[in-house]
Amino acid sequence: MKTRWILLLCCILSFTACSSGTVQDTALDTNGQSSEKQAITEVEKENPTPTPRIVTDLYGREVEIPAEVQNVICTGSGALRVLSYLEGLDYLIGVEEADHGYKTSTKRDYAYIYHEIFAKLPLIGKGGGTAYTAYPEEIVKLKPDLILSTYQPDAVAQLEKETGIPVVSIRYTSTDFINESFYQSMRLTAEILGLDERCEELLSTIDQYKEDLSSRTIEIPDADKKRVYTGAVTYSGAHGFAGTYANFGPLMAIHGNNVADETGEEGGFDVDLEQVIVWDPQVIFLDPGNMDLVNEEVASNPGFFQNLTAVKEDEIYTMPSFNNYSTNITYCLMDAYYAGKILYPDKFSEIDMEEKGNEILEKFLGRGYFSEMEADGLFYGKLKLGE
């Protein structure tokens, strides 16, 4: 009997202890301080959720982006070029049609080099300019952390609204000689993706080229500079002889006497041919890619061309277009060195265009392909009208 009482007492004590523990756990759960929740809280303290960042884009918009961006897409002319120059294509998860099928032409530097990468990526828009050409449903499916865009402001707003994904404008302009907007575009993209070292290395390289080009020519008196006309320039499409450009980057780089600057225009425009006769340039540069248009004009109006001094003295040279889906910085630099060789041969005597061209291409895109450019019609040399 004594033994039974002892066993009964042990059971009662055991039940009381268990009940006490259950009540205690319940109380702790009620207070939100259970051991399990405490463990989660400690983990959260050690690994807090990253705070989103606020960046100011090139339109002055404050955009909230993830603390760490894992992947992006690019929309609009020139956006993917910036990412390519920065060697940031590991972040890219979709591509516009304008770049997707760019397999053989050298007219667009980054697309030619990286066409094998682009061809494997899903399409996220048509591309072709700065207007809205996105495929919002396809973008949403890919779930990019961020969209880097050179769209116009209203198109940026539309893209952000239709996808619910933050859109950062990195738009830069093509006027002048690699102007400050390009530097800003590169630095903002680099800041977002953590590519600052590559960015500053490349911008420093551009500065060195600028200094080299300028220092060779800055002391040449204006009176000793030949009158230069650059025609058949590609801007917003192909143009004939009247298509010219004020503030033409390659000529600005070497302090050239660009007659089109007298008009007060900014960028590309079609000039009255009578004005070209008044200017009577001593040297003419033409985009070899538009010579079909020029030669049609020569055939229909030979007298106009025959009266130009540059034509009479055989001073007509190529100037491969550096504008193709915004500015090919590589070609712009090459064009500047070539213009220097033609206009100031004594100042650029040691420059070999193939060597310099491949050097520039390697710095920006990792591979020189100057001979491929030449074979594709982007060559440096003399031109004969009508041929």
Check: [Y] and [X] side chains under 4.5 Å, non-hydrogen atoms:
X      : Y      : result
Lys141 : Glu138 : yes
Thr163 : Ile147 : yes
Thr217 : Leu213 : no
Tyr245 : Leu251 : no
Phe285 : Ile342 : yes

Strictly below 4.0 Å, N to O, side chains only: are [X] and [Y] in salt-bridge contact?
X      : Y      : result
Lys225 : Asp222 : yes
Arg216 : Glu350 : yes
Lys384 : Asp314 : yes

Would you say Lys143 has more than 12 foreign heavy atoms packed within less than 6.0 Å of its NZ?
->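 Not more than 12 within 6.0 Å, no.
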Nearest atoms (heavy-atom pairs only) where [X] meets [Y]:
X      : Y      : result
Ser105 : Tyr112 : O-CD1, 3.3 Å
Pro320 : Phe379 : CG-O, 3.4 Å
Leu308 : Ile277 : CD2-CA, 4.3 Å

Any donor-acceptor pair under 3.5 Å linking the side chain of Glu315 with the backbone of Gln282?
->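 No, Glu315 side chain to Gln282 backbone: no donor-acceptor pair under 3.5 Å.
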Is a side-chain donor or acceptor of Arg61 paired with a backbone partner of Ala157 at a separation under 3.5 angstrom?
->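 No, because the side chain of Arg61 does not come within donor-acceptor range (under 3.5 Å) of the backbone of Ala157.
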Is there a chain of hydrophobic side chains (I, L, V, M, F, W, Y, each step under 4.5 Å between heavy atoms) that links Met319 to Val294?
-> no
Modelled atom types, side-chain donor and acceptor of [X] and [Y], under 3.5 Å:
X      : Y      : result
Glu97  : Tyr135 : yes
Tyr183 : Asp207 : yes
Thr309 : Asp280 : yes
Thr327 : Ser174 : yes

For residues 66-74, please give each side-chain donor-acceptor pair under 3.5 Å, one per line with the distance, not counting sequence neighbours.
from	atom 1	to	atom 2	distance (Å)
Asn71	OD1	Asp145	N	3.0

Can we call the ring centroids of Phe322 and Tyr331 under 6.0 Å apart?
-> no
Are the aromatic rings of Phe177 and Tyr209 close, with centres under 6.0 Å apart?
->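 No, the ring centres sit 6.0 Å or more apart.
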When you look at Arg367 and Glu372, which way does the salt bridge (charged side-chain N to carboxylate O under 4.0 Å, His left out) test go after all the steps?
-> CA-CA 11 Å; Arg367 180 172 80 82; Glu372 293 158 64; 2.9 Å; yes
Which pairs, with at least one residue in residues 85-96 and sequence neighbours excluded, count as a side chain to side chain donor-acceptor pair (under 3.5 Å)?
->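 Those involving residues 85-96 are Tyr85-Asp109, Glu96-Tyr325.
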Answer yes or no on whether Arg171 is positioned over the face of Tyr59, meaning its NZ or CZ is under 6.0 Å from the six-membered ring centre and within 45° of the axis.
-> no
